[in-house]
Amino acid sequence: MRLPRLLLALLIPIAACDVDLSGPATDPDAPANLTYQLIPSGDPNAPAGILLSWDAPRSGRAQSYDVFGRTGNGQWLRRATTTSLSFHDAGMPQDQYYVSAFDEAENEMGRTNPITIDARNRLPVPRGLTSITLNRAVQLTWSSNAYDASPQNFDTYRVYSTAYDGTRGACTTQWELEGTTVSDGFLAGNLPNGVSRCFAVSAISRDGHESQWSDSRLDTPRYDSRNVYVYATASRRDSSGLLFYDQTARTYGAVTSATRTDLDFTIERHADGSLWFVPGRSGVTMMLYSSAPVSDLTAIDRAATTGFGNVTIEAVPGYAYVFRVEKADGIHFGALRVAYRATDYVVFDWSYQSAVGNPELSRGP
């Protein structure tokens, strides 16, 4: 005699059950189309669980369902009794599942065919993770190789991050989910400037298999601003100097008077009408970023380790410049790209790395 069964969607104590699954379902109105969806956990080898779904028998007589699972070729175990058409099996999933339907008198009506959790659906690890350093954000991009390997099997990417331990020179182990995306790029925002963070990406298949993670990527958000204009000293001395960081006011990108002694640079006009960047004090040196124009501020990647000098350089639209700035706490790096040069002023975009000794200004190597 069959024991009374709970008719609630509850997980019940596991019970062993020997079932012959060698043939077709015993009832033509058995539940059908059993499918599964793994729940990624961040560990490709240990999903957080599995969600099973199936269709009700066409007769409409089913009142409850038993869910069975097994690992390897072991014995089938009853995982739960439920009245719904789905079941969430938490923790490490079984290797196989099937579902039996029961009518109001608790007679078995039929069962689904068993399904197997197919690890062959796992996608390749995403390759080529790179980053662009931004103001309070990091733009991540990577290769489309995981999608290209099986477009019909691809579902989404998961992006993870963790703090960086500068004393050990390594990423910490407290990884967190930043978000998901279907594209091969992701903007991680609301990040503190000057604080380094590690990032990694995995690919998720349509049935929930998670790939191995990409190599980690280290980046450090920095301050920036667009379309700042500074006058030549001969035109307006009160607005002809710039401080990447004003320690007194605790503000970034301060356009101020050329009379200040703590300026990072001023703009001077030569006799021929050209405008030039001039270091504002002995602790500031500069260099031309490249011998050709750059398309955007974000094209300025890392500051060089050598080549800086106490020199003046002409402000030319499209060209980029990098500054080495000595502050009380150590060396900082800044950069700018000239957008426009008028007769009396220069319009430019700038970036500044608040982390001491960190040369990251935009796109990493």
Side-chain angles (χ1 to χ4, degrees), residues 40-48 124-143 146 156-181 184-204 210-224 244-245 247 250-252 283 297-306 308 322-335 350-365:
S41 68
D43 182 349
N45 298 314
V125 56
R127 296 194 300 263
L129 178 60
T130 62
S131 60
I132 298 176
T133 310
L134 300 172
N135 186 3
R136 292 179 54 81
V138 172
Q139 176 66 52
L140 301 165
T141 57
W142 54 88
S143 169
T156 188
Y157 295 102
R158 285 167 65 94
V159 180
Y160 299 93
S161 74
T162 188
Y164 177 75
D165 186 346
T167 60
R168 296 190 301 112
C171 304
T172 65
T173 58
Q174 303 302 312
W175 290 90
E176 302 172 352
L177 180 66
E178 282 282 342
T180 62
T181 178
D184 50 7
F186 183 83
L187 178 66
N190 297 321
L191 303 174
N193 285 327
V195 178
S196 299
R197 197 159 184 85
C198 300
F199 298 88
V201 179
S202 67
I204 308 298
E210 183 166 13
S211 74
Q212 297 296 319
W213 288 15
S214 68
D215 292 337
S216 62
R217 177 74 181 180
L218 175 66
D219 208 304
T220 311
R222 84 292 184 271
Y223 294 88
D224 72 20
F244 286 113
Y245 177 56
Q247 291 177 293
R250 296 185 178 181
T251 59
Y252 289 88
L297 178 68
T298 57
I300 308 171
D301 50 20
R302 298 171 70 90
T305 56
T306 61
F308 292 93
V322 181
F323 294 79
R324 183 180 184 274
V325 181
E326 293 184 16
K327 301 293 247 184
D329 60 349
I331 302 299
H332 295 263
F333 294 94
W350 63 262
S351 61
Y352 178 74
Q353 181 53 262
S354 59
V356 176
N358 191 319
E360 288 183 83
L361 293 167
S362 185
R363 188 185 305 272

Taking the side chain as every heavy atom from C-beta outward, state whether [X] and [Y] have any atom pair closer than 4.5 Å.
| X | Y | value |
| --- | --- | --- |
| S143 | D184 | no |
| R302 | L361 | no |
| R136 | D224 | no |
| H332 | V356 | yes |
| L191 | D219 | no |
| N193 | N135 | yes |
| F199 | W142 | no |

Donor-acceptor contact below 3.5 Å, side chain S161 vs main chain E178: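 No; judged by distance alone, with no hydrogens or angles, the pair does not exist.
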Looking at [atom1] of [X] and [atom2] of [Y], how far apart are the two atoms once the value is rounded to the nearest 0.5 Å?
| X | Y | atom1 | atom2 | result |
| --- | --- | --- | --- | --- |
| S351 | E360 | OG | CD | 11.5 Å |
| L140 | T181 | CG | OG1 | 10.5 Å |
| Q353 | I331 | CD | CD1 | 13.5 Å |
| E210 | R158 | CD | CZ | 5.5 Å |
| T298 | Q139 | OG1 | CD | 9.5 Å |
| Y252 | Y223 | OH | OH | 3.5 Å |

N45 atom CG: more than 12 heavy-atom contacts under 6.0 Å: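 Atom CG in N45 is packed in, count exceeds 12.
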R168 atom CZ, over 12 foreign heavy atoms within 6.0 Å: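 Yes.
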F308 and F333 aromatic ring geometry - parallel, tilted or perpendicular at 30°/60° bounds: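 Ring orientation of F333 relative to F308: tilted.
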Taking every non-hydrogen atom, the tightest pair across S41 and A46: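 Scanning both residues completely, I find the closest heavy atoms to be OG-O, 2.5 Å.
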Distance flag, aromatic centroids of F244 and F323, threshold under 6.0 Å: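 Yes, they do, as the ring centres are separated by less than 6.0 Å.
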Sole candidate of S131, S354, S196 that passes side-chain hydrogen bond (donor to acceptor under 3.5 Å, both in side chains) when paired with T220: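 Of S131, S354, S196, side-chain hydrogen bond (donor to acceptor under 3.5 Å, both in side chains) with T220 is met by S196 alone.
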Stepwise side-chain hydrogen bond (donor to acceptor under 3.5 Å, both in side chains) check, D165 with T172: CA-CA 6 Å; D165 186 346; T172 65; over 6 Å; no
Salt-bridge present (R217, D215; N to O < 4.0 Å):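 Not counted as a salt bridge, because no side-chain N and carboxylate O are separated by less than 4.0 Å.
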Identified ring pair (Phe, Tyr, Trp, His ring centres under 6.0 Å) counterpart of Y160 within the set W213, W175, F186: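 So, applying the ring pair (Phe, Tyr, Trp, His ring centres under 6.0 Å) to Y160 and each of W213, W175, F186, only W213 qualifies.
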